[in-house]
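Here is the structure we will look at.
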Amino acid sequence: MAIFKAVVFDMDGTLLDNETLAKRFWRDASLEFGLSVSESFLDKMIGTSASFVRELYFSEFGQDCPYEEIRKRKMEIDFSYYRENGAPVKDGVVDVLEYLGISKKIPLALATSTERARTNLRLEVSGLAKYFDFTICGDEVLETKPNPEIYTRAFLALNVSPSDVLVVEDSSSGVEAGIRSGANVAWVKDVQEINSDLRASLWKELRTIRDIISCF
């Protein structure tokens, strides 16, 4: 049984089953501006920052690509969907958060590359906001994942040392950020694989997020 003083979760793809939704929103918004984006192009966005996605579009479609218009339209689609449909919480997530936060009294934080406005909406409509002692978003740090800043800021807020923290992630950039922060990282695969070097540095690879319960 592991002993951790805090657990920090990623959100999209880890707690929420929504990475395929995000790809669909980018694809639909891009098509409205006459651009067809491939699955491999969309996969590169997972767990990254707005600046990374911007450069990805410019690299693929040129500097005259209407990225800002595409992004604005994508955000409109995104907000509309979550307001109308709620957020798809992964099976077992509520059980894990109840067990860690309520039964075990372990401080919980959320560290997501998603900006604050969309994060707040997702947490509100999913009912998950109440479980977290601290949340930090991609637009609240200088550099987001794979830079470890977002995680080190969470550790400071919870007043814990990295070695005493379990980070739970699904994406390659998130796993890298967690490892670089000095924390113990559990990877729960969603839609993206991670490379062998990252895999070798994991604390644990989990089949489902519910498996975290057996680690405490």
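The model shown is predicted, which means the values in this text are computed figures rather than measured ones.
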Assess, by modelled atom type and distance only, whether the side chains of S40 and S38 contain a donor and an acceptor separated by less than 3.5 Å.
yes
side-chain hydrogen bond (donor to acceptor under 3.5 Å, both in side chains), paired with K90, selected from D190, T208, T14:
D190
Can you tell whether the side chains of K204 and D211 come within less than 4.0 Å, N to carboxylate O?
no
Option passing side-chain contact (heavy atoms from CB on, under 4.5 Å) with L110 (candidates D10, L123, V8)
L123
Okay, side chain of T119, backbone of T114: is any donor-acceptor separation there less than 3.5 Å?
yes
Could you tell me which non-hydrogen atom of L158 sits nearest to which non-hydrogen atom of P107, and how far apart they are?
CD2-CB, 4.2 Å
Give a yes or no answer on whether the side chain of R122 reaches the backbone of A87 with a donor-acceptor pair at less than 3.5 Å.
no
Hydrogens and angles aside, do T144 and S113 bring a side-chain donor and acceptor to less than 3.5 Å of each other?
yes
Lys/Arg N to Asp/Glu carboxylate O, E68 vs R54, below 4.0 Å:
yes
If you measure only the distance, is there a donor-acceptor pair under 3.5 Å linking the side chains of E84 and S80?
yes
V7 side chain reached by V96 side chain, heavy atoms, under 4.5 Å
no
Does this structure show an ion pair linking D78 with R71, if we count only N-O contacts that are shorter than 4.0 Å?
no
Would you say W26 and F41 make side-chain contact, with heavy atoms under 4.5 Å?
no
With a 4.5 Å heavy-atom cut-off, do F25 and M75 have their side chains touching?
no
Salt-bridged, E140 to R153, with N to O below 4.0 Å?
no
Is it the case that atom CG in N159 sees more than 12 heavy atoms from other parts of the structure closer than 6.0 Å?
no
So, R73 and E69, do they make that salt bridge, N to O below 4.0 Å?
no
Check: D164 and F155 side chains under 4.5 Å, non-hydrogen atoms
no
Please tell me if the side chains of L97 and F132 come closer than 4.5 Å, counting only heavy atoms from C-beta onward.
yes
Quick check on K5: does its NZ atom have over 12 non-hydrogen neighbours (other residues, nucleotides or ligands) under 6.0 Å away?
no
Does any non-hydrogen side-chain atom of L198 lie less than 4.5 Å from one of S172?
yes
Side-chain donor or acceptor of N18 paired with backbone N/O of D12 under 3.5 Å
no
Note, Y57 side chain near M45 side chain (heavy atom, < 4.5 Å)
yes
Going by heavy atoms in the side chains, are W187 and R199 under 4.5 Å from each other?
yes
